[in-house]
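All values derive from a computational prediction rather than experimental measurement. Throughout, protein chains are lettered first and strands after them, A, B, ... in sequence-line order, and every chain is numbered starting at 1.
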Amino acid sequence: MNEFLQFAAVVVGIFISFAMYTTLYGKPNPLRDWAEFSYLGAATGVSIVISLTYIYNTAILGIQAGDWILIFSIIFGLMMLFRMHPDYSHVSRLPLAFTVGTGLALSLRTQIFTSFIIQINATIVKLWTGVPLEFLYRLTIAISVITILTFFLYTMELSGPLLWTSKVGEYLMYIGFGGIFAQTFMGRLGLFVGYMESVTTPSWKVPYTLASAVICFIAAIIFDRTGLGQKLSAA
Amino acid sequence: MLLILLFALTIKFMGQAKLPYIRRVPALDAIEDAVGRSTEMGKPVVCSFGIGGFDYWTVAGLSILGYVAKICAETDTRLIVPTGGGSETYITREAAVDLVRNAYTAAGRPEAFNEEDMPFLSGEQYAYTPGYVGILVRERPGATVMTGSHYSEAMNIAEMANGVDSITITAGCYTSNMAALACASDYIMLGEEQPAAGAYLSREPAQMASIRVQDIYKFIAIGTILVGIVLVNVGSDIINRLLAT
Amino acid sequence: MTVLVVSFLLVFVPYFIPWGPLDWLSGKLMTIAAVTNAFTIVIAVYSQFRRSGRFIREKRKGWAYHIYLLVLLAIMTLSGFILGQHAGAYEWLLLAVVTPLSSVIYGILAFYMASAGARAFRARSPQAALLLVAGFIVLLYQAPLTGAFFPGIEGAATYITNTFGMSVSRMFSISVSIGAIVLGVRMLTGREVAFLGFTEGEE
Amino acid sequence: MAKEGGIYRLMATYDKRWVYVVLFIVVLGPLINPIGMPIGISALTKNYYAQLNTLQEGDIVFDTWNMEFSGYMELKPGVLATHKMFIEKGVKLCIAFGHYEGVALPGEIFKQLQTWLDRYDYREGEDYIIIGYVFPNEAAVAALAQDFHANVRVDWKGNSIEGTFLDDIQNAGDFDMISDYTTGLATTYMINHMVLQYGVPMVENSIGVSVPGHLANLDAGLLTALLASTRGGAELEYLIGSPGPGLKSMDAFTLGHYSLMIFIIVGNIGHYGWTRRTGAKDRTGIK
């Protein structure tokens, strides 16, 4: 790809990004919809190409390499397509059942170990290891997990000790949420900062970035004030 | 071994599926009020059931969608159901369409059902998200009920819904999401609350039974942890070894 | 239905009974399933086309956007196949449209989190107060500058995240897996088949 | 602000779009002209650094880029710093994508690493092989873990992978380490089908959102190390003594956090000054 095209890609990318940021203004406007539809079109195109390439690399090449059994994958896949026609949609049930079955098996056969047993197992630890801080940690975890679990019991009236533990659980859960919210915010901020970092380095991008930001911001306001946004937006 | 045991137990419990008592989740009342509000204001209701395949959350989300559809059909409120967002959603979509259509038929107004209001916003999560947000911005719904397995797009939707002053009722399906959604939305169904609500609404034996079974397992889990901790601290790691097998 | 159960067992059992041929078979089945899934994209695209088509035919508001959409889609696909994925319009659009926008849509969450937090972190009830305090400490710790001045904050913050925070996520992963197991059994015992489109209910 | 309630009311009920404006400014500002505030190093990152140091020359690492381009924006510092360590140690990398946008990544990443590639003469095909987008769904991950070569025949450009260091790989168990950079795509599947089944040590490079979940995994021993978000990346850059995008964006990071905290404080003042007195209702799920 030659210099100019790359440059163009960068600039368009920056502009379309800020067009998308005008979503934050919370009013319909064509810039945003343009960005939305561009993404919809392009992204769908990508996933078509990717899926078919995957089919080719895995199945077709596989069959050529003598993995005859893979022929089924093609057959099932084609049967899948019958969904599109209401009268023949029943044809797709076989592959559907097949994929659901395998998927189920895959998730179940490990689900139990990763999430359920291992997590429980990790909670069962020697509380007192001689290190006070360690003790604090482990004790808190044990208590929290148990109490919070009781908060999520549904088929019985919460009363007596259960009521008490579930209340405690609820409070502990909110402490947890506080922490988790903060971590999540860090993550999201990280994404945003990271992206902004990439549109401000190398420094020649800066003017384009600032320009697009200003243009889109003003445009959003104008579209809103003049009511043009409502008129020109999609749907 | 342990696994087989689990399965046997589950099936057994499922067998004796006498309708158990299920706690009513507060957010449910909120849903009714919210839909009622948007009916008065003559605004549409947006209700989505997630972008997952037929996982745990989606099934619950669909039950809730069915409930919302029922109210909307009865009160003649426009219901918009954005679908898509994942490679598996085209199956769930079919189910959802049937669900909503049935709801309208049951309410005796099949003509009011309009599949146009269940747009398929591509199988791409990040194409689905702006599509969804676009709907919120353009239609300015009076209520937004976001259930099922929504992932990182959930915050976009919740916060934007709040921005267009629609009552926002969400259900988180993983931890970090929930913490954020709890802040963003007017009412939230925290994790397990969602399936419970789904079961409560659908009154479907299978679902209610499974909530029951899950509670039993939670008790088992709690018990195991308690016993385990006690044992470990008197110096026997029998439980750990048992679980490790 | 039977297919479902059989394919389930074929993949599920080998995990516990390591026996050559069975392993091989389950491996192959997985690959087949993976490929079969890849086909579903066609259906997704088809329904997209149908929707846009309707818009354009009936000249509905914003139909022009849909034409644009389809054109873009066509360019993308053709170029992707003819010129390959590392050249031409495909690569250009990937760089100019897809990658930036996916970053934006993801990164825009920072704003939503901020406004939501600013709105929600108000000490209006015991729960909210706890949320506020915990959140504030962790935020304080996460600002890299703070760490340089009061290293002490790390203790408090990690205590919150590594105990309460972790218990919450652990609790959820426990209960979710329970849910998944139960749902799985429910499907296998044929209580969810209605959802899978076996509506006529033969099998 | 002549309105009844005055400043307090404003503090309680300001238009949230102001938050957005401020956030834009505090982030773009320092990026365009950096301030260079100091940072502290967390225990997590120290552990991550130690884990990577256990690798020997010639070890084969399964290097899974489970991120969209968006995720890369956040993980960038960690990704670059980690790969600098790999290249320096002469570790062999088998690179896989967890998302179709992956095809855009190598160009970007290796452009950033160019100087290091040249310095250690690190070549595609000999030292690292990119097998492309191989994780469309869980089934694919499981299949690949079970029988590598049945599922991967060519690299991302279509060249056969016969006769490379990948010949030593039969199943996931033959990797010396999995180094994952995740926005949460195939990671869970990998933990299920590679770590649990074959016991490969796995170091994780996670976006902040998934950090809580992965902390639980770390604690449960499913992961051996965790690098958290841009912050972690910056700290790693600091540890390997090669400043990069991470350290640069730390100012924006600090200010971003502080600005949110200020908004929270303002909100609370407003809450006591106005909302509580008038019994007006804040719109949030936390009652």
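- Of the listed residues C/Y159, C/Y106, C/Y46, C/W63, the one with more heavy-atom pairs under 4.5 angstrom with chain A than any other is C/Y159.
- Side-chain contact between C/S175 and C/F172 is present, with at least one heavy-atom pair separated by less than 4.5 Å.
- The CE atom of C/M113 sits 5.0 Å away from the OG1 atom of A/T184 when rounded to the nearest 0.5 Å.
- Remark: side-chain polar atoms of C/W92 are paired, donor with acceptor, to backbone N or O of A/L5 under 3.5 angstrom.
- Using the six-membered ring where Trp is involved, C/F55 and C/H66 have ring planes that are parallel, under 30° apart on the 30 and 60° scheme.
- Aromatic ring pairs are classed by plane angle as parallel below 30°, tilted from 30° to 60° and perpendicular above 60°; the pair A/F181 and C/F121 is tilted.
- Contact annotation: the side chain of A/S166 never approaches that of A/F152 to less than 4.5 Å [non-hydrogen atoms, C-beta and beyond].
- Put simply, of C/S169, C/S102, C/A129, the one with the most heavy-atom pairs under 4.5 Å next to chain A is C/S102.
- For a residue to count as touching a neighbouring chain, one of its non-hydrogen atoms must lie under 4.5 Å from one of that chain's; by this rule C/Y68 touches chain A with the side chain only.
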Test ring-ring contact (aromatic ring centres under 6.0 Å, His included) applied to A/Y208 and A/F7, step by step = CA-CA 11 Å; A/Y208 296 98; A/F7 168 78; 5.6 Å; yes
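- Using a 4.5 Å cut-off on side-chain heavy atoms (C-beta onward), A/L31 and A/F15 make contact.
- Residue A/Y56 places its OH atom among 12 or fewer non-hydrogen atoms of other residues, nucleotides or ligands, all under 6.0 Å distant.
- No other option in C/L101, C/L69, C/V42, C/T99 has as many heavy-atom pairs under 4.5 Å with chain A as C/L101.
- A/I146 contributes atom CD1, which lies 8.0 Å from atom CG of A/L149 (distance to the nearest 0.5 angstrom).
- Ring centroids of C/F111 and A/F192 are separated by less than 6.0 Å, placing the two rings close together.
- Ranked by non-hydrogen atom pairs under 4.5 Å with chain C, the options A/L172, A/V10, A/I143, A/L189 are led by A/L172.
- Residues A/F151 and A/V168 have side chains not in contact (no heavy-atom distance under 4.5 Å, counting atoms from C-beta outward).
- Residue contact with chain C, scored on non-hydrogen atoms closer than 4.5 Å, is absent for A/A142.
- Contacts between C/I160 and chain A at a heavy-atom distance below 4.5 Å involve the side chain alone, from C-beta outward.
- Looking at C/A157, there are no atoms closer than 4.5 Å to chain A (heavy atoms on both sides), in backbone or side chain.
- Residues of residues 136-144 of chain C lying within less than 4.5 angstrom of chain A, judged on heavy atoms, are C/V138, C/L139, C/Q142 in numerical order.
- Contact tally against chain A (heavy-atom pairs below 4.5 Å) for C/T77, C/L109, C/N162: the top residue is C/L109.
- Side-chain contact check for C/T161 versus C/M166: every heavy-atom pair is 4.5 Å or farther apart.
- Neither the backbone nor the side chain of A/S198 comes within contact range of chain C; no heavy atom of the residue lies under 4.5 Å from a heavy atom of that chain.
- With a threshold of 4.5 angstrom between heavy atoms, A/Y195 approaches chain C through side-chain atoms but not through N, CA, C or O.
- In terms of heavy-atom proximity, C/G107 sits nearest to A/L191 at CA-CB, 3.9 Å.
- Across A/V12, A/L40, A/I55, A/T44, the residue that shares the most heavy-atom pairs under 4.5 angstrom with chain C is A/I55.
- Of the atoms belonging to A/Y171, heavy atoms from both backbone and side chain fall under 4.5 Å from chain C.
- With a threshold of 4.5 angstrom between heavy atoms, C/S52 does not approach chain A through any atom at all.
- Both the backbone and the side chain of A/I141 come within contact range of chain C, judged by heavy atoms closer than 4.5 Å.
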Give the C-alpha distance, both sets of side-chain angles, the deciding distance and a yes or no for side chain to side chain donor-acceptor pair (under 3.5 Å) between A/R32 and A/T23.
-> CA-CA 6 Å; A/R32 185 200 160 284; A/T23 311; 3.2 Å; yes
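- Ranked by heavy-atom pairs under 4.5 Å with chain C, the list A/A42, A/S144, A/A43, A/G190 is led by A/A42.
- Residue A/E36 does not touch chain C at all, counting heavy-atom pairs closer than 4.5 Å.
- Your options are C/V45, C/V104, C/L78, C/L72, and the one with the most heavy-atom pairs under 4.5 Å with chain A is C/V104.
- When the candidates C/L132, C/V133, C/I105, C/L70 are compared by the number of heavy-atom contacts under 4.5 Å with chain A, C/I105 comes out ahead.
- Comparing A/G45, A/G77, A/G179 by heavy-atom pairs within less than 4.5 Å of chain C, the highest count is held by A/G77.
- Contacts between C/I75 and chain A at a heavy-atom distance below 4.5 Å are absent for every atom of the residue.
- Between A/Y174 and A/F177, the angle of the ring planes goes over 60°, which puts this pair in the perpendicular group of the 30/60° scheme.
- Your options are A/E170, A/R138, A/Q183, and the one with the most heavy-atom pairs under 4.5 Å with chain C is A/Q183.
- Here C/Y90 and C/F81 keep their ring centres 6.0 angstrom or further from each other.
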